[in-house]
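For the numbers below, each heavy atom of this structure counts, side chains included, while hydrogens, waters and symmetry mates do not. Position 1 is the first residue of the sequence; numbering continues from there. Not measured: the values here are computed from a predicted model.
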Amino acid sequence: MPKFDVVTVSHENAATIQRYLSHGFAGHDNARLVVVDNASQDGTVNKLQAVLADHQIVINTDNRGYGIAANQGATAGHQAYIAFINPDCFVDVDAVSSLVDYLHKNPEIGMVGCRVLNQDGSIQSASCRRLPTFWRVFYHMTGLYRLGLPGINKPADCANQSASVEAVNGALFVIRRDLFERLQGFDEAFPLHFEDLDLMKRCLDAGYQIHYLAELQAIHLKGHSTQHDSMVKQWKRQGLKRYFKKHRPAWEQWMVNRLG
């Protein structure tokens, strides 16, 4: 079984970090966990230090955003595969090992994700995703996707079968290190939100496939770290605009800049 690095970015995750660590990444023979903490003040760091060795924790004195911190964590490792997992996403280490093994056996695939469930066992809408276009974002924001129009997230029944997809859930995915480094990691101009979709778009543009495996699953609590709602909304707007500036036609950029 190939070895892999696990990178987790934490910020104010004291409520979930012990449950996250209980899934075996800290002591697994094939996995090396690195947690990058973005200036938590709620006891998250103390809980990490009680379980992890010093070389497994990177402590930032300010909140640098997800992309910068995730790149820090990736740089701290050296294995051929990197699993990025949110600290409020709970998955058995053996399931992640299976994702890594899938990549190892399929060199044409650059990235792989799995079924992501809510706490109650229902399927999260973002398990299988489409890359943003203006109309997909518009249908999503207006709720017209409920009428069957294609939004960002694919219909829930799509999550029941493995497939090649445009994007997987950013709370948990595995990527080849050589591809990640070739793409120069996450675009650090995305503070939070859309940096995962940007990476997936660049993965596809580089000629690799992204696969979704329905037989493996994780539970994701969705945004359980404590962030101010106004800041999150601002970061989402900033990320959306940057994604469209990088990847979409000028008319779509103009339209997105005028969305609420």
Side-chain angles (χ1 to χ4, degrees), residues 65-67 70-71 82 84 86 89 99 103 106 108-116 123-176 179-180 182-214 220 222-223 232 235-260:
Y66 182 84
N71 286 343
I82 311 171
F84 289 96
N86 284 6
C89 184
L99 292 173
L103 276 190
N106 296 277
E108 73 281 6
I109 301 168
M111 189 183 301
V112 63
C114 68
R115 177 196 300 258
V116 178
I123 296 175
Q124 282 192 7
S125 57
S127 281
C128 295
R129 308 161 81 188
R130 301 180 178 96
L131 291 173
T133 65
F134 170 74
W135 289 113
R136 289 172 179 177
V137 170
F138 180 77
Y139 296 150
H140 183 85
M141 293 180 67
T142 59
L144 289 171
Y145 69 90
R146 296 187 182 95
L147 301 177
L149 294 172
I152 297 296
N153 300 322
K154 301 182 81 172
D157 57 359
C158 293
N160 294 325
Q161 56 185 18
S162 299
S164 175
V165 296
E166 293 183 5
V168 292
N169 197 305
L172 165 61
F173 65 89
V174 181
I175 187 171
R176 298 179 181 279
L179 173 60
F180 185 77
R182 174 181 166 188
L183 299 176
Q184 298 182 318
F186 287 101
D187 180 343
E188 297 181 356
F190 290 89
L192 184 67
H193 299 291
F194 289 93
E195 74 288 323
D196 54 343
L197 292 171
D198 169 73
L199 183 67
M200 293 171 197
K201 174 68 165 67
R202 291 185 286 127
C203 171
L204 295 174
D205 288 348
Y208 285 86
Q209 298 176 29
I210 298 173
H211 278 205
Y212 165 81
L213 300 186
H220 181 216
K222 294 183 70 172
V232 171
W235 284 348
K236 282 184 177 180
R237 286 194 295 269
Q238 180 179 335
L240 177 66
K241 291 177 180 180
R242 179 162 180 79
Y243 182 94
F244 273 74
K245 183 178 181 179
K246 288 184 67 174
H247 300 299
R248 302 302 303 168
W251 75 268
E252 291 194 21
Q253 297 173 41
W254 189 90
M255 294 290 286
V256 161
N257 287 340
R258 281 147 187 82
L259 289 175

Atom CD of residue position Glu108 - does it have more than 12 heavy atoms of other residues, nucleotides or ligands inside 6.0 Å?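 Enclosed.
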Between [X] and [Y], what is the shortest heavy-atom contact and its length?
X: Met111; Y: Ile109; result: O-CG2, 3.3 Å
X: Asn86; Y: Gly170; result: OD1-O, 4.1 Å
X: Ala159; Y: Ala214; result: O-CB, 3.5 Å
X: Pro132; Y: Phe244; result: CB-CE1, 3.9 Å
X: Met200; Y: Glu166; result: CB-O, 4.1 Å
X: Leu172; Y: Cys114; result: CD2-SG, 3.6 Å

Sidechain N-carboxylate O distance under 4.0 Å for [X], [Y]:
X: Lys246; Y: Asp187; answer: yes
X: Glu252; Y: Lys245; answer: no
X: Lys201; Y: Asp196; answer: no

To the nearest 0.5 angstrom, please state how far the [atom1] atom of [X] sits from the [atom2] atom of [Y].
X: Ile123; Y: Asn169; atom1: CD1; atom2: CG; answer: 12.0 Å
X: Arg176; Y: Leu103; atom1: CZ; atom2: CG; answer: 5.0 Å
X: Ile152; Y: Met141; atom1: CD1; atom2: CE; answer: 10.5 Å
X: Trp254; Y: Arg258; atom1: CH2; atom2: CZ; answer: 4.5 Å
X: Ile210; Y: Cys128; atom1: CD1; atom2: SG; answer: 11.5 Å
X: Tyr208; Y: Cys203; atom1: OH; atom2: SG; answer: 8.0 Å

Under 3.5 Å donor-acceptor, [X] side chain and [Y] backbone:
X: Glu195; Y: Glu188; result: no
X: Arg136; Y: Leu131; result: yes
X: Arg202; Y: Gly185; result: yes
X: Arg130; Y: Gly151; result: yes
X: Asp198; Y: Phe194; result: no

Using the six-membered ring of Trp235, assess whether NZ or CZ of Arg237 lies under 6.0 Å from its centre and within 45 degrees of the ring axis.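 Verdict for Trp235: no cation-pi partner in Arg237.
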Once you measure the plane-to-plane angle for Phe134 and Phe138, does it fall in the parallel (<30°), tilted (30-60°) or perpendicular (>60°) bin?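 Ring orientation, 0 to 90° scale: parallel.
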Determine, stepwise, if the pair Phe180 / Phe84 fulfils ring pair (Phe, Tyr, Trp, His ring centres under 6.0 Å). CA-CA 11 Å; Phe180 185 77; Phe84 289 96; 5.3 Å; yes
Ignoring hydrogens and geometry beyond distance, is a side-chain donor-acceptor pair present between His211 and Gln209 at under 3.5 Å?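 Short answer, yes.
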For residues 140-154, which residue pairs pass the side chain to side chain donor-acceptor pair (under 3.5 Å) check, not counting sequence neighbours?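 The answer is Ser125-Asn153.
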Mind running side chain to side chain contact (heavy atoms under 4.5 Å, CB included) on Val168 and Arg129 for me, showing each step along the way? CA-CA 6 Å; Val168 292; Arg129 308 161 81 188; 5.8 Å; no
Give the C-alpha distance, both sets of side-chain angles, the deciding distance and a yes or no for side chain to side chain contact (heavy atoms under 4.5 Å, CB included) between Leu183 and Leu199. CA-CA 8 Å; Leu183 299 176; Leu199 183 67; 4.0 Å; yes
Residue pair Phe186, Tyr66: steps toward the ring pair (Phe, Tyr, Trp, His ring centres under 6.0 Å) verdict: CA-CA 9 Å; Phe186 287 101; Tyr66 182 84; 5.4 Å; yes
Side-chain contact, heavy-atom cut-off 4.5 Å: Val174 with Ile82?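 In short, these two side chains do not touch, never coming nearer than 4.5 Å.
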